[in-house]
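Chain letters run A, B, ... following the sequence lines, proteins first, then strands; residues in each count from 1.
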Number of protein chains: 2
Amino acid sequence: MKTHDEDTRWLNDEEQRTWRAYLHATMLLEDHLDRQLQRDAKMPHVYYGLLVQLSQAPRRRMRMTELARNAKITRSRLSHAVARLEQHGWVRREDCPSDKRGQNAILTDAGYKVLKESAPGHVAAVRQAIFDRLSTEQQKSLGEIMRIIAEGLQPNEAGADLPWLR
Amino acid sequence: MKTHDEDTRWLNDEEQRTWRAYLHATMLLEDHLDRQLQRDAKMPHVYYGLLVQLSQAPRRRMRMTELARNAKITRSRLSHAVARLEQHGWVRREDCPSDKRGQNAILTDAGYKVLKESAPGHVAAVRQAIFDRLSTEQQKSLGEIMRIIAEGLQPNEAGADLPWLR
DNA sequence: AGCCCATTCTTGAAACTTCAACAAACACTG
DNA sequence: CAGTGTTTGTTGAAGTTTCAAGAATGGGCT
């Protein structure tokens with residue numbers, strides 16, 4: 001925490017407007033998608049994202065830790081989420097054969113079905129909120145910008161900090 | 001919900017990459033700021049945003065509904081949030097004189113103090129995550145894009161749908 | 001083997017959010 | 001002014017997330 005603010009570089013007017021726009025857009029969109037999916041798929045957006053990840057993984061399964069890393073959530077959060085998804089019958093767990101600590105989260109047929117049925121509506125919502133409103137240039141720009149931001153926040157992904165190179 | 005997916009316009013490769021980058025960036029950033037503020041200001045990012053709003057309002061007070069609208073959260077969520085902020089002594093409520101249903105949320109001196117002390121660290125975090133990493137062009141672009149997205153999701157702000165003009 | 005530390009995943013409690021339902025005050029209409 | 005519908009704000013319960021702690025296995029080192 002910074003204690004002296006003499007040298008704080010506050011946001012100027014345009015930066016403030018941009019930051020506020022960011023906050024508003026992200027909040028509104030997350031809310032929108034959450035409601036859309038809660039209505040159509042009976043689950044929040046984050047959970048839906050987990051099913052998507054699983055559906056794209058080989059054999060529709062993934063180690064908990066990897067799933068958490070891909071989805072950008074904590075393992076704890078994932079544990080609870082999978083527990084809930086399991087209750088609904090959309091996911092099941094299986095011990096990992098190679099590592100006795102490990103668990104695989106597996107997308108069930110029921111889970112795949114829900115995903116398949118709600119995917120069109122979800123894509124439509126995303127398209128309508130973002131891609132339909134942006135020029136090709138803006139879409140490209142958005143991609144670049146978000147990659148930059150994400151990169152900067154990634155706690156040193158794979159090989160980024162190699163102790164033997166310091 | 002869409003039931004037939006024959007005519008669904010799925011996201012193409014680049015759109016998918018962009019969308020995923022968006023999800024990752026927004027998640028990582030929200031997480032990052034939440035932790036930063038939880039550590040330095042003992043409150044989540046959304047709550048901090050409420051204090052900011054109040055601090056900028058005339059007489060450091062605002063009607064609940066207006067505060068909710070500005071902060072892009074539901075009134076219910078705001079009720080709970082203010083209850084909590086009140087417990088901490090950062091906000092207090094007062095009846096609205098003109099409308100007996102109404103409540104004003106008021107930033108206390110203690111609230112202002114917390115805000116003042118944690119603001120530099122927060123701005124630094126935002127700057128480091130976003131503005132320090134983007135070119136001037138990209139910042140401008142980000143602002144425009146986010147405004148477009150937010151606008152599209154705004155449930156018909158002021159005068160947007162005037163029944164007598166239909 | 002034995003020791004040590006890292007990794008994997010889970011758990012329970014506390015904090016936060018959502019949703020539906022509600023009371024009270026307002027505002028319009030006849 | 002009584003009737004009707006709307007707006008304001010709250011509430012409790014259920015669902016979700018965070019945080020700190022902990023059980024179990026893995027992997028390296030001597």
Side-chain angles (χ1 to χ4, degrees), chain A residues 27-28 30-39 41-50 61-88 90-106 155 158 163, chain B residues 27-28 30-39 41-50 61-88 90-106 155 158 163:
Chain A
M27 265 206 155
L28 289 169
E30 186 58 9
D31 255 41
H32 184 63
L33 295 181
D34 261 339
R35 283 187 221 293
Q36 194 262 319
L37 285 171
Q38 195 68 57
R39 176 165 56 77
K42 311 311 186 209
M43 73 185 96
H45 185 202
V46 175
Y47 289 23
Y48 180 90
L50 296 175
R61 73 193 54 207
M62 212 182 284
R63 282 290 293 274
M64 293 292 278
T65 294
E66 195 191 347
L67 182 49
R69 197 175 45 232
N70 287 340
K72 262 71 190 167
I73 63 178
T74 62
R75 281 189 315 250
S76 170
R77 189 177 178 181
L78 179 61
S79 262
H80 289 297
V82 167
R84 169 58 54 136
L85 290 171
E86 216 172 3
Q87 283 185 355
H88 284 285
W90 296 328
V91 165
R92 65 190 170 81
R93 300 183 211 234
E94 209 168 79
D95 292 349
C96 174
S98 58
D99 185 337
K100 280 176 194 165
R101 294 167 304 178
Q103 289 276 106
N104 274 308
I106 307 177
Chain B
M27 254 194 167
L28 289 169
E30 186 57 10
D31 256 41
H32 184 62
L33 295 181
D34 261 339
R35 284 187 221 290
Q36 194 260 319
L37 285 172
Q38 195 68 57
R39 176 165 56 77
K42 310 313 186 207
M43 74 185 97
H45 186 202
V46 176
Y47 289 25
Y48 180 90
L50 296 176
R61 73 193 55 206
M62 213 182 283
R63 283 288 293 275
M64 293 293 278
T65 295
E66 195 192 347
L67 182 49
R69 198 175 45 234
N70 287 341
K72 263 68 191 169
I73 63 178
T74 63
R75 280 187 320 245
S76 171
R77 189 177 179 180
L78 179 61
S79 262
H80 290 297
V82 167
R84 168 58 54 134
L85 290 170
E86 216 172 2
Q87 283 185 354
H88 285 284
W90 296 327
V91 166
R92 65 191 170 80
R93 299 183 213 234
E94 208 167 81
D95 292 349
C96 173
S98 57
D99 185 338
K100 279 175 193 164
R101 294 167 304 180
Q103 289 276 105
N104 274 309
I106 307 178

Pair B:M64-B:R93, side-chain contact (heavy atoms from CB on, under 4.5 Å): steps then yes or no:
CA-CA 9 Å; B:M64 293 293 278; B:R93 299 183 213 234; 3.8 Å; yes
For the pair made of [atom1] in [X] and [atom2] in [N], what is the distance, rounded to whole Å?
X      : N      : atom1 : atom2 : answer
A:L78  : D:dT17 : CG    : P     : 11 Å
B:E94  : D:dG9  : CD    : C1'   : 16 Å
A:E30  : C:dT17 : CD    : P     : 13 Å
B:K42  : C:dA14 : NZ    : P     : 19 Å
A:Q38  : C:dT18 : CD    : P     : 10 Å
A:D95  : C:dT8  : CG    : P     : 16 Å
A:R101 : C:dC5  : CZ    : C1'   : 12 Å
A:K100 : D:dG27 : NZ    : P     : 12 Å

How are the rings of A:Y48 and A:H45 set to each other: parallel, tilted or perpendicular (split at 30° and 60°)?
tilted
Relative to the 5' end of DNA chain D, which residue comes earlier, A:D99 or A:R77, by the nucleotide with the nearest heavy atom?
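The 5'-side residue here is A:R77.
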Between A:T74 and B:M64, which residue's closest nucleotide on DNA chain D lies nearer the 5′ terminus?
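Closer to the 5' end of DNA chain D: B:M64.
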Could you walk me through whether A:R63 and A:N104 pass side-chain contact (heavy atoms from CB on, under 4.5 Å), step by step?
CA-CA 4 Å; A:R63 282 290 293 274; A:N104 274 308; 3.7 Å; yes
Give a yes/no answer on whether the side chain of A:R75 brings an N or O atom under 4.0 Å of OP1 or OP2 in C:dT7.
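No, A:R75 has no side-chain N/O under 4.0 Å of OP1/OP2 on C:dT7.
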Does A:S76 contact C:dC9 through a side-chain donor or acceptor facing the base, at a distance under 3.5 Å?
no
Looking at D:dG15, does its base get a donor-acceptor pair with the side chain of A:H80 below 3.5 Å?
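Not at all, since no donor on one side and acceptor on the other fall under 3.5 Å apart.
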Hey, which of these two, A:T65 or A:D31, hits DNA chain C nearer its 5' end, going by closest nucleotide?
A:T65
Closest-nucleotide 5' rank along DNA chain C - winner of A:R35 and B:R84:
B:R84
Out of the candidates A:E86, A:R92, A:H88, A:Q87, only one should pair with A:W90 under the side chain to side chain contact (heavy atoms under 4.5 Å, CB included) rule; please name it.
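Running side chain to side chain contact (heavy atoms under 4.5 Å, CB included) over A:E86, A:R92, A:H88, A:Q87 with A:W90 returns exactly one hit, A:H88.
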Heavy-atom donor-acceptor pair, B:K42 side chain to B:R39 backbone, under 3.5 Å
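Yes.
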Heavy atoms only, 4.0 Å cut-off, all strands: where does B:D34 land among base, sugar-phosphate and nothing?
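Answer is nothing: B:D34 stays at 4.0 Å or more from every strand.
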